[in-house]
There are 2 protein chains.
Amino acid sequence: MNDPQKGPVFTDIVLEVFKLGGLLVSEGDHMGEEYGITSARWKVLGALSLAGKPQTVPQIARSMGLTRQAVQRLVDAMREDELLCFQNNPDHKRAKLICLSALGETVFSKLSEKQSGWAMECSTGITKAELETTLSVLKRISESFER
Amino acid sequence: MNDPQKGPVFTDIVLEVFKLGGLLVSEGDHMGEEYGITSARWKVLGALSLAGKPQTVPQIARSMGLTRQAVQRLVDAMREDELLCFQNNPDHKRAKLICLSALGETVFSKLSEKQSGWAMECSTGITKAELETTLSVLKRISESFER
DNA sequence: CTTGTTTTGACAACATGTTGACATAATGAG
DNA sequence: CTCATTATGTCAACATGTTGTCAAAACAAG
């Protein structure tokens with residue numbers, strides 16, 4: 001369990017995560033291209049859809065693990081593109097509620113369909129057990145940095 | 001093997017890779033802070049050290065999987081900071097050879113030491129077999145996008 | 001109610017990546 | 001050798017993230 005050879009393997013995983021992250025962003029950008037959407041915007045749609053109700057910018061930011069400033073910029077741009085709409089927040093004069101527009105919902109659901117087929121394709125040749133181990137390891141590593 | 005439940009697990013892995021990537025960059029930035037180095041610059045030092053001999057900017061870019069423009073900007077800034085030095089390339093008037101300065105080598109070796117201890121710490125609680133499965137899965141996914 | 005703290009939006013500066021465009025240097029085909 | 005192509009450095013615009021700062025709104029004590 002305390003095999004000193006674990007360090008180098010861990011290091012390789014780190015480098016692979018960097019590389020794969022870049023490749024996945026490109027894949028996401030490409031998938032969203034036909035809807036005029038990038039990976040970052042897709043994630044905002046996902047956060048809103050997951051929440052199931054309108055959210056403030058800081059709420060979205062916390063759920064995505066980004067700063068509120070980064071999310072604010074995305075949200076402002078996506079409102080320009082009619083993917084989102086703003087509602088007044090009865091509980092807070094400044095913090096507007098962000099919700100999916102009809103267009104936003106349509107785009108997100110089409111992307112979800114496309115993505116689920118893609119995910120199935122990508123996992124050919126990898127067993128479910130391997131995928132689950134991978135997810136579990138990545139989550140444990142993430143958690144170790146969050147505290 | 002063609003379990004339809006693999007898709008959702010794959011999707012979770014994708015999201016975890018995004019999240020972990022961000023966390024790892026922060027960790028790297030923090031580790032390099034005392035040497036005035038960021039994750040991106042660290043990777044340039046690593047590429048040069050791995051190559052074992054002076055490299056041109058496009059060579060470094062190809063080995064890192066980045067565009068030459070991105071690497072050029074890093075390299076120019078790192079030369080300002082005395083981490084790298086340029087040599088004339090006898091084979092090419094414009095494409096200068098980039099090499100580690102004495103400072104660059106020192107910083108990289110100190111960072112490597114620090115990083116290897118960190119990698120060992122991070123892998124406590126994870127078996128070597130789990131780490132190896134994870135690395136293998138990530139590599140297979142990466143490879144599927146490279147062609 | 002008043003006061004001190006936290007949350008939020010807005011703005012700016014920076015780091016790191018991308019793409020596109022341009023001129024020049026190197027190379028290869030004929 | 002000449003000419004078309006490729007490789008390189010440079011510059012600019014953009015996307016996405018960060019941090020820091022400021023003022024206004026919300027909130028929590030007292």
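Each chain gets a letter, A, B and so on, in the order its sequence line appears, and its residues count up from 1.
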Interatomic distance where [atom1] belongs to [X] and [atom2] belongs to [N] [whole Å]:
X: B:Asp29; N: C:dC14; atom1: CG; atom2: P; answer: 17 Å
X: B:Glu27; N: D:dT18; atom1: CD; atom2: P; answer: 15 Å
X: A:Asp76; N: D:dT16; atom1: CG; atom2: P; answer: 13 Å
X: A:Ile37; N: D:dA15; atom1: CD1; atom2: P; answer: 14 Å
X: B:Arg41; N: C:dG17; atom1: CZ; atom2: C1'; answer: 14 Å
X: B:Phe18; N: C:dG17; atom1: CZ; atom2: P; answer: 16 Å
X: A:Lys96; N: C:dA10; atom1: NZ; atom2: C1'; answer: 12 Å
X: A:Asn88; N: D:dA25; atom1: CG; atom2: C1'; answer: 14 Å

Report the nucleotide, chosen from [options], that has the shortest atom-to-atom distance to any side-chain atom of [X].
X: B:Ala40; options: D:dA25, C:dG17, D:dG9; result: C:dG17
X: B:Arg68; options: C:dG9, C:dT16, D:dT8; result: D:dT8
X: B:Leu74; options: C:dT16, C:dA26, C:dT18; result: C:dT16
X: B:Arg94; options: C:dT16, C:dT24, D:dA26; result: C:dT24
X: A:His92; options: C:dA26, D:dA26, C:dG9; result: D:dA26

Counting distance only, does the side-chain N/O of [X] pair as donor-acceptor with the main-chain N or O of [Y] below 3.5 Å?
X: A:Ser39; Y: A:Asp29; result: yes
X: B:Arg41; Y: B:Leu83; result: no
X: B:Asn89; Y: B:Leu97; result: no
X: A:Thr127; Y: A:Glu130; result: yes

Any base atoms under 4.0 Å from [X], or only sugar-phosphate, or nothing? Heavy atoms, all strands.
X: A:Ala70; answer: base
X: A:Thr56; answer: nothing
X: A:Thr38; answer: sugar-phosphate
X: A:Val57; answer: sugar-phosphate

Are B:Gln72 and D:dT10 close enough that a side-chain N or O sits under 4.0 Å from OP1 or OP2? yes
Look at B:Arg73 and D:dA12 and indicate whether a side-chain polar atom (N or O) is within less than 4.0 Å of OP1 or OP2. no
Salt bridge flag under 4.0 Å for residues B:Lys139 and A:Asp12: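 Result for this pair is no, no salt bridge flagged.
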Between B:Gln69 and A:Thr67, whichever has its closest DNA chain D nucleotide further toward 5' is B:Gln69
5' priority, DNA chain D, between A:Lys43 and A:Asp91 [closest heavy atom]: A:Lys43
Exactly one of A:Glu34, A:Glu27, A:Glu121 should register a salt bridge (Lys or Arg N to Asp or Glu O under 4.0 Å) with A:Lys114. Which one does?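 Per the salt bridge (Lys or Arg N to Asp or Glu O under 4.0 Å) rule, the option paired with A:Lys114 is A:Glu34, out of A:Glu34, A:Glu27, A:Glu121.
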